[in-house]
Participant: 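The following block contains the structure, expressed as structure tokens.
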Amino acid sequence: LQLRYTDGSKWRFLEHKGPVFAPPYEPLPDKVKFYYDGKPMKLSAPAEEVTTFFSKMLDHEYTTKDIFRKNFFKDWRKEMTSEEKSKITDLNKCNFSEMSEYFKTQSEARKQMSKEEKQKIKEENERLLQEYGFCIMDNHKERIGNFRIEPPGLFRGRGDHPKMGMLKRRIRPEDIIINCSKDSKQPKPPPGTKWKEVRHDNKVTWLASWTENIQGSIKYIMLNPSSRIKGEKDWQKYETARRLKKCVDRIRTQYRDDWKSKEMRIRQRAVALYFIDKLALRAGNEKEEGETADTVGCCSLRVEHIKLYPKMDDQEYVVEFDFLGKDSIRYYNKIPVEKRVFKNLQLFLENKQPEDDLFDRLNTSILNKHLQELMDGLTAKVFRTYNASITLQQQLKELTCPDDSVPAKILSYNRANRAVAILCNHQRAPPKTFEKSMQNLQTKIDEKQNQLSAARKQLKAAKADRKASRDEKSKKIEEQLMKLQVQATDREENKQIALGTSKLNYLDPRISVAWCKKFGIPIEKIYNKTQREKFAWAIDMAEKDYEF
DNA sequence: GCATCGACTTGTCACGATATCT
DNA sequence: AGATATCGTGACAAGTCGATGC
């Protein structure tokens with residue numbers, strides 16, 4: 001594994017144009033009124049801007065939630081003049097409906113714009129992209145990931161977030177730290193403004209940063225996944241996972257052994273690691289209570305998140321998991337475990353309340369320090385990468401039939417991908433139009449079937465003569481029918497599964513590239529343009545016999 | 001130790017662009 | 001051509017994990 005620099009520096013030269021700021025606020029036309037307690041009221045520009053954020057969200061259920069309304073109102077009041085503050089004291093007396101209607105009309109008008117107008121906007125976007133969307137890092141022109149600063153608005157967050165509704169404030173040049181090389185042409189702040197700071201730190205990869213006001217965390221402008229710097233890191237990640245492959249047997253033997261340890265902390269560590277390995281759970285850092293939604297990973301599991309069943313149906317020692325993970329996505333699973341694990345879990349639960357930690361002698365820092373001793377560079381998340389990639393490889397081996405048609409092989413590929421997505425709990429809400437789209441597909445299949453039987457009848461009728469051409473025809477229809485059926489199967493199986501995240505973040509792309517080469521599948525069938533750019537390094541590198 | 005910070009990866013979703021259907 | 005379904009992309013939130021400071 002050969003990286004560009006070995007001294008921890010990430011680049012030698014970095015030049016860019018700085019970020020693009022959100023457009024300034026445009027006050028509402030006077031005819032669009034806000035009403036308080038039934039009476040029209042003209043607001044100061046800062047207070048008015050905040051109401052526009054709220055009125056654009058009125059159709060969303062969350063604007064009815066207490067926390068959202070409370071947070072919004074509190075932050076809105078901060079933007080009011082003292083006069084406004086004394087008048088506006090109750091959100092329930094606020095009427096935003098004219099504003100809401102106005103924005104609906106506006107967005108309708110945007111949809112109805114002429115081709116020329118739309119084209120003009122497109123060109124302006126393209127111009128911005130060309131000017132601000134690229135940088136020079138070392139000797140290469142690279143695409144920047146997010147060169148636009150996030151506009152102000154109301155924070156939503158995911159799940160049951162205690163800060164939902166808070167005002168995400170506007171970011172100004174004075175908030176921005178620029179990072180570039182000393183010998184580069186420095187980006188200019190907009191006229192009449194200054195950057196917070198310009199620094200030259202080549203130990204980091206970001207071009208600009210600012211502190212966000214909801215959680216107080218830092219946000220960055222970084223390069224696109226197609227860039228050298230991201231690609232190298234990605235490659236490195238999969239190489240670490242491949243090193244785990246070489247020693248995973250040893251590690252498994254060890255943690256099974258540790259289930260018998262005299263020390264509680266070691267047993268807990270060993271059981272947690274077993275879950276991380278077997279179920280691909282995330283590490284589970286501690287979170288500050290009240291700052292974020294209540295979600296957990298492995299190390300932060302609480303007693304209330306698991307149930308133990310000594311017997312369930314025809315299985316023994318079943319553990320039922322039910323908790324909210326990252327992004328408040330529910331993880332629900334029932335799995336039989338080994339007797340020793342089960343007995344350990346019973347022990348961990350003794351004398352605890354539902355809200356107590358399951359692994360009270362363990363956290364991610366302890367776990368990762370242990371893993372580091374087992375293998376250089378090993379952390380909890382490497383298990384997810386390793387298990388995802390090895391599963392894809394195994395499933396592809398198992399499911400691909402060399403004699404299948406291309407669409408059938410791609411179904412196999414998607415099924416292998418699906419196995420991984422299920423392992424990693426990458427779910428999605430079934431698309432709103434799912435049932436209908438399945439019906440449409442079925443209609444097409446029926447039609448195709450009718451076509452086929454008609455063609456076959458014709459063939460029979462004209463058997464003796466001109467056989468060849470008719471035979472070709474039914475063959476073609478058969479092929480189309482098969483393609484439709486494969487499509488239907490794939491869609492049905494994918495109803496609640498999201499393949500994107502695993503494809504982008506967990507599956508060593510060289511496995512997929514090798515599979516394509518081995519079975520003569522064009523790479524475009526597996527990766528779209530963006531994905532091909534991200535995985536260019538793998539497409540270059542992997543041959544048909546690549547083994548993860 | 002442990003709390004916090006900083007840098008980076010991973011995650012979902014909405015929306016506009018594009019393909020396909022009528 | 002216009003309507004509708006599907007896809008791709010960007011937005012931006014939420015994780016992981018090592019470093020830092022007490």
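To find a chain, count down the sequence lines: A is the first, B the second, and so on, and within it residues start at 1. This is a predicted model, so every value here is computed, not measured.
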Participant: Hey, does A:A498 reach any base, or is it just sugar-phosphate, or nothing, if we go heavy atoms under 4.0 Å?
Facilitator: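 Nothing, no heavy atom under 4.0 Å.
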
Participant: For a quick check of understanding: with a heavy-atom distance under 4.0 Å over all strands, which category does A:N285 fall into, base, sugar-phosphate or nothing?
Facilitator: base

Participant: Heavy atoms under 4.0 Å, any strand shown: does A:R156 hit a base, just sugar-phosphate, or nothing?
Facilitator: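 No contact.
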
Participant: Toward the 5' end of DNA chain C, which comes first, A:K529 or A:C298, by nearest nucleotide?
Facilitator: A:K529

Participant: A:H305 and side-chain contact (heavy atoms from CB on, under 4.5 Å): which single residue from A:V296, A:L358, A:D322 fits?
Facilitator: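 For A:H305, the side-chain contact (heavy atoms from CB on, under 4.5 Å) check succeeds only for A:V296.
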
Participant: Base, sugar-phosphate alone, or nothing: which one does A:K326 contact when heavy atoms must sit under 4.0 Å apart?
Facilitator: base

Participant: So does A:R143 pair up with A:E533, basic N to acidic O under 4.0 Å?
Facilitator: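 No.
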
Participant: Under 4.0 Å, counting only non-hydrogen atoms across every strand here, what does A:T501 touch: a base, just sugar-phosphate, or nothing?
Facilitator: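 The answer is base, as A:T501 lies within the cut-off (heavy atoms under 4.0 Å) of a base atom.
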
Participant: What does A:R282 touch in the nucleic acid at a heavy-atom separation under 4.0 angstrom: a base, only the sugar-phosphate, or nothing?
Facilitator: sugar-phosphate

Participant: For A:F147 and A:Y132, I'd like to know if the aromatic rings sit close, meaning centre-to-centre distance below 6.0 Å.
Facilitator: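 Aromatic pair excluded; centres sit 6.0 Å or further apart.
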
Participant: May I have the step-by-step check of salt bridge (charged side-chain N to carboxylate O under 4.0 Å, His left out) for A:D175 and A:R172, ending in yes or no?
Facilitator: CA-CA 5 Å; A:D175 302 314; A:R172 309 153 305 157; 2.9 Å; yes

Participant: Counting the atoms with a prime plus P, OP1 and OP2 as sugar-phosphate, which does A:T205 contact under 4.0 Å by heavy atoms, base, sugar-phosphate, or nothing?
Facilitator: sugar-phosphate

Participant: Could you tell me whether A:S209 contacts a base, only the sugar-phosphate backbone, or nothing, with contacts defined as non-hydrogen atoms closer than 4.0 Å?
Facilitator: nothing

Participant: Using a heavy-atom cut-off of under 4.0 Å over every strand shown, decide if A:K163 touches base, sugar-phosphate, or nothing.
Facilitator: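 Contact class for A:K163: none.
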
Participant: How is A:R110 classified with respect to the nucleic acid when contacts are heavy atoms under 4.0 Å: base, sugar-phosphate, or nothing?
Facilitator: nothing

Participant: Does A:D294 pair with A:R302 as a salt bridge, N-O distance under 4.0 Å?
Facilitator: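 Salt bridge flag = yes for A:R302 with A:D294.
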
Participant: With heavy atoms under 4.0 Å as the rule, sort A:K237 into base, sugar-phosphate or nothing.
Facilitator: sugar-phosphate

Participant: Describe the nucleic acid contact of A:Y220 in one word from base, sugar-phosphate, nothing, applying a heavy-atom distance below 4.0 Å.
Facilitator: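 It contacts base atoms.
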
Participant: If you look at every strand shown and take non-hydrogen atoms under 4.0 Å, does A:K168 touch a base, only sugar-phosphate, or nothing?
Facilitator: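 The answer is sugar-phosphate, as A:K168 gets under 4.0 Å only of primed atoms, P, OP1 or OP2.
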
Participant: Which nucleotide in the list C:dA13, C:dT16, B:dC8 gets nearest to the side chain of A:A283?
Facilitator: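 Closest nucleotide among those given: C:dT16.
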
Participant: Students often get this wrong, so: under 4.0 angstrom with heavy atoms, is A:P151 touching a base, only sugar-phosphate, or nothing?
Facilitator: sugar-phosphate

